[in-house]
Amino acid sequence: MTHTLNSRALAEEAERIIPGGVNSATRRIGAPWAWRSAHGATITDLDGRDYIDYHAAFGAILLGHVDERVNAAVTAAIQDIDLVGLGTTELEVEAARLVTESIPSAEVVISTMSGSESVFQAIRLARGVTGRSYIVKFQGCFHGSYDAIARNVISTPETAWGMDPNSAGILPDALEHTLVAEFNDLASVEALFAEHPGEIAAVILEPVPHNVGALLPEQAFLEGLRELTRRTGSVLIFDEVITGFRHALGGYQELCGVTPDLTTFGKSMGNGYPVAGLAGSAELMSSFSSSGGPVMLAGTFNGNSMSMAAAIATISVLRDPEVDFYGHVRRLGDRMRDGLRRITRDHSIPAVITGVGSVFIAYFLEGEVRGYRDLLRNDDEAYATFHRRMIDKGSFMYPMSLKRNHISLAHTEADIDRTLQQADEVLGEMARNGEFALLRGRV
Ligand code: PLP
C-alpha cells in the first residue's frame, strides 16, 4: 500500500499523543491514514491522493460526504439552539415523528449518541422488563462495545461459538450471560432456550449480519425467531445500526415483514453526524424512567440540536421520491455485483458475490454461504489482498477480511465502472500469480 509523506508525518504525531494514533482501534489498519477532505464519493488524503470511498466510515455515510442539505440543516439549527438539558425541543419531536413514521416496530423512540448506547439501553430494558438474565446473540454479529454483548464476532475456528471476548476487562459474569447461536440455524437457538427455560430476556441479531460481510437471512429463520420469542416471552431485538435507513426507510424489517419488539439504529441516519436511537412498542418503552418506569434513561447529549437536525435532513432526503435513494443505490449495487460476478468467472476465481442494495461483498470460497460456519472457508488472505490492492488503484475498500463495501447516493455509474475496471486488473493478476488458495489447490 502507498505510504505518503504528509499522511505519515501526521500519523506519527498522532501516535505520540493518541494511543495508537487513532480514536477507534479499527482505524489503525494498512497505511498510516490521515485525511484532508471528504466530498461526495471521494475521500482525499493529506498528500492530495483521491479515492472512491466504499468504506463510508463503516457505513455511516449514506448520501455522500459533506452533504449540503444536511450541513445546511445543521448550520441553521445551531444558529438558534444547541443544548438546554431539560424538557424537549421541536427538533427532537420532529426527528421522533420521522422515525416512528419510518420504522414498523417504532411506536415510540428514544435518541442516543451511538449504536453501542442504543444496544445497551435495549438489553437493559429487556432484562428490566422480563426480570431474566440471559441474552442470545449470533456468532459473527457485532453490537458495539457494551460488556454484555462484546463477544464472538470474527472468531477463529477454535473460538467460534465458544468464549471469545472482544476485550479484556469485562466481568466474566457479563459475558457468560450472553449465549451464542449460529445465524440461519433456528435449531441452535431452540437448543439454548431448552437449556435455559424461562431465563432468556432477549434475542439480538443484525437482521443481515454485515459485520461479517452480508449473510442473507432466510425468511423461515426470521419468522421462527419471532414465533419462538413471542411464545417464550423473550424480547426480539433487531440491531439495525447498519441496515436501518440503508436498505429501506423502515430498515430490513420493512423488507422481510418481521417486526421485532425493539429496534436499535444509528450510523447512517445522520449521514456522518453522531446520532442513534432505540425504538419499540409504547408498552415496552414505558419501562424507561422517563415514563416513570424502573429502567434508567439518561444522556447529556441525547437529542442535541445538531444531531436532530442532521437526522431530520437525512431522513427527509431518503423519503424524497424525486431523489430515489433506494432505486439509485440498488441499481449501482446490482451493477457492481453483476460486474464482480463476471470478472471472477472470467478469471475462474471461486467466489460468492453477494450483498443487499447498497452493500456489496466478494467472498473467496466455494459452495453456499448461509452462516458463520461457511465463512470459515473464506480465503481471508486473498480477501485482504484484494482490498489492499484496490486501495492502491484508487478504490477505498477496508483492507480486512469480511469487511463489506458501501455505495452512497453520491456514487455514479462511472465510479462503479472505474472500480470494476480496477477489480478486473487486480483479480486477474492475483489469479495469474496463484494468490487464491483454492486455485493453488487445483494446480
Ligand atoms: N450495532 C451494529 C450492528 C454495528 O455495526 C455497530 C458499529 O459498527 C454498533 C452496533 C455500535 O455502534 P457505534 O459504533 O455507533 O457505537
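Ligands are counted one by one from 1 in listed order, and the atoms in each one are counted from 1 as well. No hydrogens, no waters, no symmetry mates; every other heavy atom, side chains included, goes into these values. All values reported here derive from a predicted model rather than from experimental measurement.
The shortest separation from a heavy atom of Phe142 to ligand 1 is under 4.0 Å, placing the residue in contact. Heavy-atom distances between Glu240 and ligand 1 stay at or above 4.0 Å for every pair.
When each atom of ligand 1 is checked for a heavy atom of Gly115 under 4.0 Å away, the hits are 11 (C), 12 (O), 13 (P), 15 (O), 16 (O). Under a 4.0 Å criterion applied to the non-hydrogen atoms of Ser114, ligand 1 contributes the atoms 15 (O), 16 (O). Which parts of ligand 1 touch Glu206 is read off a 4.0 Å heavy-atom cut-off, strictly below it: atoms 3 (C). Those atoms of ligand 1 with a heavy atom of Asn211 less than 4.0 angstrom away are 3 (C), 4 (C), 5 (O). Here is the list of ligand 1 atoms found below 4.0 Å of a heavy atom in His143: 1 (N), 9 (C), 10 (C). Ligand-side atoms of ligand 1 in range of Ile242: 5 (O), range being under 4.0 angstrom from any heavy atom.
In this structure, His196 and Tyr134 have tilted ring planes: the angle between them lies in the 30° to 60° band.
Nearest non-hydrogen protein atom to atom 8 (O) of ligand 1 is Lys267 NZ, 2.8 Å.
Contact of the Ile200 side chain with the Ile135 side chain is not registered, since no non-hydrogen atoms from C-beta on lie closer than 4.5 Å.
Counting only non-hydrogen atoms, the option in Asp239, Val275, Val208, Thr243 that gets closest to atom 1 (N) of ligand 1 is Asp239. Residue nearest to atom 16 (O) of ligand 1, selected from Ser116, Ala276, Cys141: Ser116 (by heavy-atom distance).
Annotation: Phe360 is in aromatic contact with Tyr54 [ring centroid separation under 6.0 Å].
Side chains of Thr42 and His39: a donor-acceptor N/O pair is absent below 3.5 angstrom, by distance only. For the residue pair Glu206 / Thr243, no side-chain donor-acceptor distance below 3.5 Å is found, with atom types taken as modelled. Side chain to side chain, Thr44 and Asp50 meet the donor-acceptor criterion of an N or O pair below 3.5 Å.
With a 4.0 Å cut-off on non-hydrogen atoms, Glu117 does not touch ligand 1 at all.
When all heavy atoms of Asp164 and Ile154 are compared, the closest pair comes out as OD2-O, 4.2 Å.
Residue Glu240 forms a side-chain hydrogen bond (donor to acceptor under 3.5 Å, both in side chains) with just one option from Gln253, Arg246, His247, and that option is Gln253.
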